[in-house]
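Report on one structure; see the data block that follows.
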Amino acid sequence: ALATELGAEDAAKLTDAFAALLASFAEETRRAYAGDWAQFCLFLAASGKEPMRARTTDVVAWCESRKALNVATRVRGLAAVRSIYQAIVQAGVRDDNPAREVKLRSIAGAKDSTTPFLAIEEAARLLAGYDRSTWLGWRDGLMADVGLLTGLRRESIAGLRAKDLTDGDPPKLFVQKAKRGKEGQVGIPKALFARLHAWVVDQHLTGNQPIFPARELRPNVAVKPGTVWAAIKRGAEAAGIDPARCTPHALRRTFATELDARHVDLRVIQGAMLHSDQKTTENYIKSARTARSAPGETFAADVLPKEEES
């Protein structure tokens, strides 16, 4: 859409800027942003406008046209448009970013731009709702356990390998597929380690084999991030929780919110969530608390079924 409006020199600058922008995102984010940008361009085209000549009012109008979508989708769409216009500005082919000052919550009908989170009672119901007597229910339940009790993104959960699980005080998970290619270790509750270890041993998983295989008889093929999303949705339906409120990111925010409620230091939460910027963590919990040791243990005790903790 933009290449047709630019000369050869500006188009080359823009290509380089886009390449740098896309390289900073995970594959799923790249696909999502591309789809959001395409929708925005189609919206402009419907009224005879072009992306390089779009104004802030056009971005606001596009956001208002998407009121029927859930808040998370609308927030992501605005972030996509803002990021792409920022790349255009950095390439020197436009002086301003028309999406920079647009705030979704200021648009009529946008009540909240934050991801929902679960109450403790809902979180406990979610984890108890899986039929863990079946292979699928056991695997899906464990993915929900990890999402809720570590705050890992669905891409990270899908990428976990058997060798990433290590015992210790506390036990740890090595996270290879974190956002923007980052790696790191996170401490996990002992009760969660016991669950994961029992699964790995029962399934005879070792080394680089995924902790969460896509199929029972295909231990070398990992689940896709979308499978993690679907598993949590199924668990929500079984537990009688609105599936729209139950996503991997909702579990991530629940994790951060609960640690904050237990007065865990903000820096500890930041490390647990693998955030490089403390401001990102603050956006999840909106406040900082005083330090507290073993942050995940009391949360795990509150949500894991008691008979399974021994």
Side-chain angles (χ1 to χ4, degrees), residues 118 120 122-168 170-178 185-239 241 243 246-252 254-255 258 272 296-297 299-310:
L118 303 180
I120 276 290
E122 291 177 313
R125 276 167 46 206
L126 173 69
L127 299 192
Y130 292 94
D131 181 6
R132 301 183 191 232
S133 65
T134 67
W135 184 90
L136 184 64
W138 192 5
R139 185 203 68 182
D140 288 359
L142 282 173
M143 290 194 294
D145 293 344
V146 172
L148 187 63
L149 297 175
T150 68
L152 291 179
R153 296 179 174 87
R154 58 179 177 171
E155 294 85 0
S156 300
I157 295 172
L160 290 173
R161 304 159 300 179
K163 69 179 184 181
D164 295 334
L165 181 66
T166 58
D167 198 1
K172 293 182 179 179
L173 275 173
F174 178 76
V175 183
Q176 184 182 31
K177 294 188 176 181
Q185 276 193 328
V186 294
I188 63 174
K190 294 176 182 178
L192 177 59
F193 172 82
R195 286 186 164 206
L196 290 173
H197 185 259
W199 165 262
V200 167
V201 171
D202 184 84
Q203 300 297 310
H204 308 289
L205 301 173
T206 60
N208 283 318
Q209 288 183 312
I211 290 181
F212 301 118
R215 298 284 186 274
E216 184 171 4
L217 300 179
R218 298 176 62 188
N220 294 319
V221 180
V223 297
K224 301 292 186 183
T227 305
V228 180
W229 184 89
I232 292 171
K233 292 289 185 180
R234 286 195 295 269
E237 291 176 352
I241 302 170
C246 213
T247 64
H249 207 71
L251 299 193
R252 182 169 169 79
T254 301
F255 171 76
E258 287 302 325
E297 295 299 338
F299 183 27
D302 284 346
V303 297
L304 292 178
K306 298 298 184 290
E307 65 273 17
E308 298 190 31
E309 289 187 35
S310 59

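Counting from 1, the numbers follow the sequence of the chain as shown. Every value quoted in this text rests on a predicted model; they were computed, and no experiment measured them.
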When rounded to the nearest 0.5 angstrom, what distance separates CG in Leu192 from CG in Leu173?
-> 7.0 Å
side-chain contact (heavy atoms from CB on, under 4.5 Å) between Asn208 and Lys163, worked out | CA-CA 6 Å; Asn208 283 318; Lys163 69 179 184 181; 3.0 Å; yes
Would you say the side chain of Asp164 lies within less than 4.5 Å of the side chain of Val175, judging by non-hydrogen atoms?
-> no
Indicate yes or no for a side-chain donor-acceptor contact from Arg252 to the backbone of Leu148 under 3.5 Å, with no hydrogens or angles considered.
-> no
What orientation do Trp199 and Trp138 show, parallel under 30°, tilted 30 to 60°, or perpendicular over 60°?
-> perpendicular
Exceeds 12 heavy-atom contacts within 6.0 angstrom, atom NZ of Lys233 = yes
Arg161 side chain to Gln209 backbone, donor-acceptor under 3.5 Å | no
CD1 (Ile232) and CE (Met143) are apart, to the nearest 0.5 Å, by 7.5 Å
Keeping the roles fixed (side chain from Thr254, backbone from Ala250), state whether a donor-acceptor pair exists under 3.5 Å.
-> yes
Leu126 and Leu251, any side-chain heavy atoms less than 4.5 Å apart | yes
Minimal non-hydrogen separation, Ala222 against Ala158, with atom names = CB-O, 3.7 Å
Can you name the closest pair of heavy atoms from Leu149 and Pro189 and give their distance?
-> O-CD, 3.9 Å
Can you name the closest pair of heavy atoms from Gly129 and Ala238 and give their distance?
-> O-CB, 3.7 Å
Considering only NZ, NE, NH1 and NH2 on the basic side and carboxylate oxygens on the acidic side, decide whether Asp145 and Arg132 come within less than 4.0 Å.
-> yes
Rounded to the nearest 0.5 Å, what separation is found between the CG atom of Asp167 and the NZ atom of Lys172?
-> 11.5 Å
Taking all heavy atoms of Gly187 and all of Pro170, pick out the closest pair and write down the distance.
-> CA-CG, 4.2 Å
Of all residues at least two apart in sequence or in a different chain, which pass the side-chain contact (heavy atoms from CB on, under 4.5 Å) check with Ala272?
-> Phe255
Of the non-hydrogen atoms in Leu160 and Phe174, which two are nearest, and what is the gap between them?
-> CD2-O, 3.8 Å
For residues Phe212 and Ile157, report the shortest heavy-atom separation together with the two atoms involved.
-> CD1-O, 3.6 Å
Would you be so kind as to tabulate the donor-acceptor pairs closer than 3.5 Å made by side chains of residues 223-230, with sequence neighbours excluded?
none

Distance from Leu127 atom CG to Glu122 atom CD, nearest 0.5 Å?
-> 12.0 Å
To the nearest 0.5 Å, tell me how far Ile120 CD1 sits from Glu258 CD.
-> 3.5 Å
Can you tell me how far CG of Leu136 sits from CZ of Arg234, rounded to the nearest 0.5 angstrom?
-> 5.5 Å
Is there side-chain contact between Leu118 and Cys246, with heavy atoms separated by less than 4.5 Å?
-> yes
Side chains of Pro213 and Asn220: does their closest heavy-atom pair fall under 4.5 Å?
-> no
